[in-house]
Amino acid sequence: MAVAKIPSLPLFFPLQNPNLKPYRRLLPLDLSSRSPRSLDVQCAKRAGKQRYPSEKKKLQRITRTLRESDIKNREDGFWRLSMLGVPAHKDPGKDFTGVSLPLLEAIAKVLKFPVAAMLPQEAFSVVRKSFDARKVLKEAEFVYTVDMDIKKLLNLEPRTWDFVARLEPKLGVVEYMSTAKQPSDLVSILHDSRQVQDEVVQEDMFEAQNKSLNKVLPKRPKIAVIGSGPSGLFASLVLGELGAEVTLIERGQPVEKRGRDIGALVVRRVLQSESNFCFGEGGAGTWSDGKLVTRIGKNSNGVQAVMKTLVQFGAPATILVDGKPHLGTDRLVPLLRNFRQHLKGLGVDIKFSTRLNDLIVENRQVVGVKVSDASHSPDFDNQELLCDGVVLAVGHSARDVYQMLLQHDVELVPKDFAVGLRIEHPQELINRIQYSALATEVCNGRGRVPVADYKVVKYVNGDHDRTTRIGDSSRSCYSFCMCPGGQVVLTSTNPLELCINGMSFSKRASRWANSALVVTVSSNDFDSFRAHGPLAGLEFQREFERRAAVMGGGNFVVPAQTVPDFLDNKLSETTLPPSSYRLGVHASKLHELFPSRITEALQQSIVMFDKELPGFISKDALLHGVETRTSSPVQVSRHADTYESMSLGRLYPIGEGAGYAGGIVSAAVDGVYCGFAVAKTLGLYRGDIESVLGRAHQNTGSESLTLGDRVLEACHWAYRISME
């Protein structure tokens with residue numbers, strides 16, 4: 001078998017750096033029964049802000065080019081000032097997004113202006129605000145990005161001219177813009193596009209009348225959108241605004257009824273298979289932390305259009321400024337209600353509690369769908385809906401859809417994902433680890449500083465040759481979906497299977513902090529499930545969900561184990577520390593749940609996480625099992641430009657379930673671009689979406705990376721986190 005080659009790891013981990021120390025040891029555990037050799041973990045201590053030599057040269061070259069280029073009119077335009085630090089004790093706090101005097105002092109330092117109080121606040125607007133509490137700093141600080149309106153500044157304070165005139169661009173720190181970067185919300189963009197489209201249609205009609213042609217205008221194309229998660233909602237929004245006749249099909253319930261079903265699950269242990277934490281209006285992200293962070297470019301026009309659209313539907317405007325924006329379930333519910341009403345106003349027919357049972361296919365083209373009431377069996381009272389295309393926007397828990405796609409020979413490509421456990425600490429402990437003395441300022445999410453979170457990643461390799469080989473012993477271990485001030489919740493869709501996730505409300509005021517700790521798995525781990533073809537990874541997930549259900553004792557009780565016991569491969573604690581999981585936990589041997597290679601990787605990584613976050617290993621830290629649905633186990637192949645399936649015409653797979661997104665924002669952006677692509681195919685849109693929103697980010701979800709890419713990415717992020 002061919003061995004994958006990767007660039008030498010010193011590109012990410014410069015071993016000549018004295019702050020980087022290879023780590024190799026056996027834990028004080030008895031691992032001899034599992035493997036005679038130790039695992040190697042390489043990590044880096046936090047040592048301040050540094051850049052790779054190649055990055056430094058590139059930045060110097062770009063900065064030199066910027067300085068040599070002429071700014072035609074220094075009395076007009078905007079300067080974007082980034083990395084403006086304001087000490088935490090001086091800043092008004094995390095909820096303040098205006099321009100304070102301490103921020104003016106930071107701006108004055110960049111301008112070299114002597115009196116900060118003379119700078120007019122009206123000339124500045126905050127673009128981004130984040131909190132930096134890294135240990136390498138003398139003091140925690142809020143970090144701002146600010147736009148400076150030159151004309152307004154000079155009008156209000158002419159004495160700043162000499163200082164503005166001497167300002168030189170520096171990439172990523174001081175950048176000149178001839179116009180302000182003000183991307184519109186999606187609805188405004190669509191209204192403008194439709195206005196242009198209507199003018200074109202009217203011209204065509206006028207031309208037809210002049211030629212005395214009995215031209216019959218084409219009917220509105222019919223589109224079925226399957227799934228009302230972020231990708232399905234935004235695809236429906238685009239297509240509805242551009243004139244398509246859209247039917248939005250959702251197997252679950254609207255958020256009001258879905259909330260009651262979830263309440264019945266938590267209180268009475270009644271699981272509705274089609275209305276739960278995974279299925280229903282808004283998708284799985286509705287009852288989660290509502291994170292709006294993304295790795296596809298938070299300043300890109302596509303992301304900004306999605307964010308501004310969320311604000312239009314009820315999200316707080318602070319998400320446009322917050323460095324780590326999140327909504328929380330309590331804010332997502334009314335937002336989704338407003339989104340629904342807007343879609344209905346466009347004529348979108350929303351069918352809740354309606355399950356997709358099959359596709360109607362003729363000559364390898366989808367011409368419709370077969371659906372039925374989700375409260376009945378799939379064979380009961382099937383209804384056929386004919387359409388001109390199907391946007392498949394299901395989540396990665398819609399496992400029956402994958403089976404149906406295989407029956408139509410739709411190409412499904414297995415991809416890597418991650419499995420593991422969810423760890424929970426007292427939130428006060430995480431606050432102390434991250435903030436030290438500043439932890440008292442958190443005040444259960446109502447204080448001046450944000451509730452502390454963390455993001456950790458380590459690269460674990462069982463082989464000694466760690467620079468040239470990627471095998472089944474090479475894995476990245478990382479935190480996933482960290483929920484500060486949150487709770488652990490049940491995400492099972494089958495009573496015989498047990499899987500969990502985390503969620504938070506907007507204030508993040510819970511006593512606990514939880515996060516998944518997961519390990520990458522690939523096709524090498526699925527050998528025993530090879531008979532299931534491209535769905536081997538899905539069966540791999542199911543296997544450990546069933547094991548967890550048995551280990552917990554049934555009735556949705558979750559198997560749990562303290563972190564010290566998990567590291568020592570024993571079960572000494574039968575009385576467990578408190579857990580936020582409301583259906584109960586049962587002391588279990590989680591170290592026997594996964595294959596030894598996965599367990600050992602988790603154990604070694606937890607030890608290294610404790611090096612970076614002292615106190616992470618604690619008797620109050622509780623592991624819950626099992627976390628398996630970090631991303632889709634397959635990717636539905638599609639064309640990059642049209643978003644159409646490569647193996648079945650008029651089928652448009654998008655979002656997390658199709659393997660093209662990894663969170664609320666990236667899924668929404670994928671839905672936006674797909675909506676425009678489908679509209680263009682159907683003749684509803686004749687413009688160039690890239691000129692408005694920029695180029696689409698292909699394979700948007702980081703979860704869609706191959707194992708080799710994931711390992712390289714983990715190395716990269718481990719180095720960046722340690723250095724920054």
Side-chain angles (χ1 to χ4, degrees), residues 219-262 272-276 278-286 313 333 335-361 366-395 397-401 404-405 493 650-655 657-658 667-668 671 674-675 678 682:
K219 294 181 179 180
R220 293 172 63 196
K222 295 181 179 181
I223 297 294
V225 178
I226 313 298
S228 68
S231 58
L233 288 173
F234 275 86
S236 298
L237 176 62
V238 172
L239 289 164
E241 289 280 3
L242 292 178
E245 186 177 330
V246 180
T247 301
L248 178 56
I249 298 169
E250 168 58 52
R251 70 194 302 166
Q253 298 287 355
V255 285
E256 300 88 350
K257 177 65 166 61
R258 184 183 179 190
R260 293 192 291 272
D261 290 337
I262 288 174
Q272 298 291 338
S273 60
E274 304 291 354
S275 179
N276 43 57
C278 288
F279 297 147
E281 187 176 20
T286 305
F313 289 136
V333 169
L335 185 153
L336 288 166
R337 191 182 299 120
N338 295 336
F339 207 132
R340 183 203 316 155
Q341 294 305 318
H342 184 85
L343 291 179
K344 286 186 174 180
L346 296 175
V348 176
D349 181 14
I350 305 178
K351 296 182 180 295
F352 289 110
S353 190
T354 303
R355 183 197 304 110
L356 171 69
N357 294 328
D358 203 358
L359 301 173
I360 303 174
V361 179
V366 176
V367 296
V369 293
K370 293 181 180 180
V371 298
S372 65
D373 188 329
S375 62
H376 299 126
S377 66
D379 298 327
F380 180 83
D381 194 23
N382 260 334
Q383 179 185 2
E384 293 189 357
L385 300 177
L386 301 181
C387 57
D388 300 297
V390 173
V391 175
L392 191 65
V394 298
S397 291
R399 293 167 168 173
D400 54 334
V401 174
M404 180 267 293
L405 293 176
T493 52
R650 295 183 179 179
L651 178 68
Y652 303 91
I654 61 173
C674 175
V678 174
L682 299 174

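These figures come from a predicted structure and were not determined experimentally. For the single chain, residues carry numbers from 1 onward in sequence order.
Between Leu336 and Leu233, the closest side-chain pair of non-hydrogen atoms falls below 4.5 Å. Under the 4.5 Å side-chain criterion, counting only non-hydrogen atoms from C-beta, Glu241 is in contact with His342. With a 4.5 Å cut-off on side-chain heavy atoms, Val246 and Leu346 do not count as touching. Using a 4.5 Å heavy-atom threshold, the side chains of Ser372 and Asn382 count as touching.
In terms of heavy atoms, Met404 sits closest to Asn357 at CG-O, 3.8 Å. Scanning all heavy atoms of the two residues, the minimum distance from Leu392 to Leu405 falls at CD2-CD1, 3.8 Å. Contact between Ala224 and Cys387 at its shortest, heavy atoms only, is CB-SG, 4.1 Å. Nearest heavy atoms, Leu248 versus Gly227: CD1-O, 3.4 Å. Heavy-atom minimum distance, Arg650 versus Val366: CD-O, 3.2 Å.
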**Prompt:** Checking side-chain contact (heavy atoms from CB on, under 4.5 Å) for the pair Gln383/Thr354: CA distance, chi angles, key distance, verdict?
**Reply:** CA-CA 10 Å; Gln383 179 185 2; Thr354 303; over 6 Å; no
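Screening Leu356, Val371, Val394, Asp400 for a side-chain contact (heavy atoms from CB on, under 4.5 Å) involving Arg251 leaves a single residue, Asp400.
Arg355 places a side-chain N or O within donor-acceptor distance of the main-chain N or O of His376, the cut-off being under 3.5 Å. Between the side chain of Asn338 and the backbone N or O of Phe313 there is at least one donor-acceptor pair closer than 3.5 Å. Judged by distance alone, with hydrogens and angles left aside, the side-chain atoms of Arg220 form a donor-acceptor pair with the main-chain N or O of Gly243 at under 3.5 Å.
The CD1 atom of Ile223 lies 10.0 Å from the OG atom of Ser236; values are rounded to the nearest 0.5 Å. We find the CG-CG distance between Asp373 and Asp381 to be 8.0 Å, quoted to the nearest 0.5 Å. Atom CD1 of Ile226 is separated from atom CG of Leu359 by 8.0 Å, given to the nearest 0.5 angstrom. For the atom pair CG (Leu237) and CG (Leu242), the distance works out to 9.0 Å, reported to the nearest 0.5 Å. From Arg399, atom CZ reaches atom SG of Cys278 across 9.0 Å, with rounding to the nearest 0.5 Å. Put simply, CZ on Phe352 and CZ on Arg258 are 10.5 Å apart, with the number rounded to the nearest 0.5 Å.
Salt bridge present: Arg337 and Glu256 bring a charged side-chain N and a carboxylate O closer than 4.0 Å.
In the model, Ser228 has a side-chain atom that pairs as donor or acceptor with a side-chain atom of Glu250 under 3.5 Å.
The environment of Lys222 atom NZ is sparse: at most 12 non-hydrogen atoms of other residues, nucleotides or ligands sit within 6.0 angstrom.
Aromatic ring orientation, Phe234 versus Phe339: perpendicular (interplanar angle above 60°, classes split at 30° and 60°).
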